[in-house]
Asker: 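Have a look at this one before I ask anything.
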Amino acid sequence: MSIKSNNSYKLENILIIGNGGRENALAWAIQKNQLIKRIYLLPGNAGSNKINKSERIILNLSNIKELIKKLNYLNIDLVVIGPEIPLAQGLGDVLRENNFNVFGPGADGAKLESSKSWAKEFMKSANIPTANFWKVKSFEEAKKIILNSPNPLVVKADGLASGKGVFIPESKEASLKATEEIFKGKFGNAGEIVVLEEKIEGPEVSVFALCDGKKYVLLPTAQDHKRLNENDKGPNTGGMGAYSPTPLITKNILKRITKEIIRPTIDTLLRKNIDYRGVLYFGLMITKSGPKVIEYNCRFGDPECQTIMPLMDNNFVNLLQKCALGNLVGNEYIKMTDKFSGCVIATSQGYPNSYQTGFPINIGDIDYENCQIFDSGTSFDSEGKLITDGGRVLSIVCQDKNFEIVFEKVYQNLKKISFEGIYYRRDIGHQVRIKTLNNRSN
Ligand code: AMP
Ligand code: GLY
């Protein structure tokens with residue numbers, strides 16, 4: 001879809017849509033720019049108001065008329081859409097039709113995340129390296145493929161399932177069971193189509209490209225920790241911690257990723273007439289035969305965003321605006337600190353399955369020098385006290401000259417934070433913490 005933008009270069013009032021640690025980290029990075037007067041978070045969370053220049057607004061996103069009225073009243077110059085669901089529902093399109101500058105793709109571009117089969121076919125058509133796959137529409141069809149395959153296949157619900165729709169079975173029986181459950185409606189409409197995939201192996205990395213439809217600028221790379229428990233065990237989560245940049249992506253690997261994955265993705269979007277203005281998140285696996293795409297997301301990763309934002313300079317928001325206006329030069333330079341950044345997520349007991357909320361949060365004497373606490377899932381009780389209000393509760397982030405010090409600081413700060421059932425992984429960044437590596441028995 002071709003995009004008309006209002007071509008206004010004014011950049012004073014920003015609206016960020018979303019309620020997680022990612023959106024608070026974006027607000028924190030954006031407020032550093034002197035041009036910015038006000039940042040509105042819709043709906044934000046209990047941590048939003050403590051960010052300089054920021055305030056929450058509460059509005060029903062599906063009431064478009066009211067939304068447009070409010071954004072006009074607030075003189076919003078740029079809208080940044082955080083989560084995938086409003087992007088997939090076309091909020092970016094509606095806002096652009098109403099003459100707002102928007103950072104975030106339309107529903108067409110968001111399909112890279114909202115339909116795994118569409119994304120796989122997209123990659124196949126462009127020869128972008130990814131695991132072999134089969135798109136299936138019934139259990140019977142899936143059964144034949146699973147039983148004929150030499151190894152157990154990965155099973156994925158096609159649509160959005162909050163990161164819960166992917167199964168990595170150890171046996172063919174488990175692949176069959178996962179497929180049957182999806183077709184029986186475990187994920188509602190999101191499971192009307194199932195994608196079966198060959199299982200591939202290697203470390204995972206996240207690469208983020210800010211795109212204006214034709215050109216792009218890369219952010220520092222990051223490595224997420226998806227599994228719930230230490231030593232990368234347990235169920236997949238939205239992300240338990242991250243660090244940036246990752247030494248796994250050497251200059252040579254990045255060259256390959258650019259040539260084989262990033263450039264062809266953007267060229268193929270263009271060929272399909274999709275004017276993608278937002279962040280393209282490449283979830284990659286570095287396999288023995290080279291980098292392969294595990295998934296695309298149409299938004300910043302969480303907690304990668306909390307990890308990367310403190311490395312950005314004051315001009316970060318200008319890049320978002322350029323993407324929204326479609327006028328990146330492509331050689332923009334992000335002046336980053338030469339620091340390393342790490343983030344650990346404190347979660348509610350039971351996450352990613354069911355968990356209770358409403359527990360008071362105590363935050364002691366935190367060392368805030370080069371450290372941030374971004375609220376992920378918090379609210380206030382009737383007396384105004386901070387309480388837990390989500391599976392992922394707080395993102396604790398620090399930067400320093402090496403990862404050893406970074407994580408030392410993060411974990412020192414975590415010792416001063418408590419709420420009932422607090423859980424966090426103690427080995428985030430184990431890949432880059434030298435002492436930890438030396439101490440490991442394997
Ligand atoms: P996704 O939501 O598609 O990113 O999948 C969630 C996680 O499942 C990924 O981060 C990988 O750890 C794992 N995964 C997904 N697809 C595959 C695959 N084809 N082979 C091995 N692991 C996979
Ligand atoms: N941290 C992974 C994601 O945001 O999907």
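Any value given below was found using the heavy atoms of this structure, including those in side chains, with hydrogens, waters and symmetry copies removed. Computed from a predicted model, the values in this text were never measured in an experiment. Index from 1, following the sequence.
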Asker: When you measure from the centre of the six-membered ring of Tyr424, is the NZ or CZ of Arg426 under 6.0 Å away and within 45° of the axis?
Answerer: yes
Asker: Measure the shortest side-chain to side-chain distance between Tyr40 and Ile76 over non-hydrogen atoms and say whether it is less than 4.5 angstrom.
Answerer: yes
Asker: For Cys398 versus Asn413, what's the shortest heavy-atom pair and its separation?
Answerer: SG-ND2, 4.0 Å
Asker: At what distance, to the nearest 0.5 angstrom, does NZ of Lys137 lie from NZ of Lys135?
Answerer: 5.0 Å
Asker: Under a 3.5 Å distance rule, please check whether Ser125 uses its side chain to pair with a backbone N or O of Met123 as donor and acceptor.
Answerer: no
Asker: Do you know which two heavy atoms are closest between Cys371 and Lys409, and how far apart they sit?
Answerer: SG-CE, 3.8 Å
Asker: Could you state the interatomic distance from CD (Glu304) to OH (Tyr243), rounded to the nearest 0.5 Å?
Answerer: 11.5 Å
Asker: Run the numbers on Asp375 and Lys50 for salt bridge (charged side-chain N to carboxylate O under 4.0 Å, His left out), then give the verdict.
Answerer: CA-CA 10 Å; Asp375 290 40; Lys50 73 180 179 207; 2.9 Å; yes
Asker: Would you call Glu84-Arg299 a salt bridge at under 4.0 Å N-O?
Answerer: yes
Asker: Is the CD atom of Gln349 crowded by more than 12 outside heavy atoms at less than 6.0 Å?
Answerer: no
Asker: Does Tyr73 have more than 12 heavy atoms from other residues, nucleotides or ligands lying within 6.0 Å of its OH?
Answerer: no
Asker: Run Asp212 and Arg277 through salt bridge (charged side-chain N to carboxylate O under 4.0 Å, His left out) and show every step you take.
Answerer: CA-CA 4 Å; Asp212 78 339; Arg277 300 188 186 186; over 6 Å; no
Asker: Could you tell me whether Glu197 and Lys156 make a salt bridge, using a distance below 4.0 angstrom between a side-chain N and a carboxylate O?
Answerer: yes
Asker: Do Asp232 and Arg227 sit within salt-bridge range, that is, some charged N less than 4.0 Å from a carboxylate O?
Answerer: no
Asker: What residue among Asn297, Leu269, Leu210 forms side-chain contact (heavy atoms from CB on, under 4.5 Å) with Leu280?
Answerer: Leu269
Asker: Mind checking the CD1-NZ spacing from Ile200 to Lys288? Nearest 0.5 Å is all I need.
Answerer: 13.0 Å
Asker: Test Ile366 against Ile417 for side-chain contact (heavy atoms from CB on, under 4.5 Å), laying out the working first.
Answerer: CA-CA 9 Å; Ile366 298 290; Ile417 297 173; 4.0 Å; yes
Asker: Indicate, with yes or no, if the rings of Tyr296 and Phe282 have centres closer together than 6.0 Å.
Answerer: yes
Asker: Would you call the rings of Phe300 and Phe316 parallel, tilted or perpendicular, where under 30° means parallel and over 60° means perpendicular?
Answerer: tilted
Asker: Indicate the atoms forming the closest heavy-atom contact of Thr307 with Ala242, along with that distance.
Answerer: OG1-CB, 3.5 Å
Asker: Side chains of Asn327 and Tyr9: donor-acceptor distance under 3.5 Å anywhere?
Answerer: yes
Asker: Would you please say whether a donor-acceptor pair under 3.5 Å links the side chains of Thr378 and Asp389?
Answerer: no
Asker: Hey, what do you get for OG1 (Thr250) to CZ (Arg256), rounding to the nearest 0.5 Å?
Answerer: 10.5 Å
Asker: Between Asp302 and Arg392 (salt bridge meaning N to carboxylate O under 4.0 Å), is one present in this structure?
Answerer: yes
Asker: Side chains of Thr246 and Thr221: donor-acceptor distance under 3.5 Å anywhere?
Answerer: no
Asker: Looking at Val79, Leu95, Leu78, Leu11, which hits side-chain contact (heavy atoms from CB on, under 4.5 Å) with Asn101?
Answerer: Leu78
Asker: Quick one: are the Cys323 and Cys211 sulfurs under 2.5 Å apart?
Answerer: no
Asker: Just by distance, do the side chain of Asp93 and the backbone of Ala107 share a donor-acceptor pair under 3.5 Å?
Answerer: yes
Asker: For Lys124, which residues count as a salt bridge (Lys or Arg N to Asp or Glu O under 4.0 Å) partner, sequence neighbours excluded?
Answerer: none
Asker: Between Lys339 and Asp400, is there a side-chain N and carboxylate O pair less than 4.0 Å apart?
Answerer: no
Asker: Measure the spacing between CD1 of Ile274 and OG1 of Thr268 and express it to the nearest 0.5 Å.
Answerer: 9.5 Å
Asker: Between Arg271 and Asp267, is the closest basic N to carboxylate O distance under 4.0 Å?
Answerer: no
Asker: Could you measure the distance from the OG atom of Ser162 to the CZ atom of Phe187? Nearest 0.5 Å is fine.
Answerer: 9.0 Å
Asker: Is it the case that Asn318 and Asn33 place a side-chain donor and acceptor less than 3.5 Å from each other?
Answerer: yes
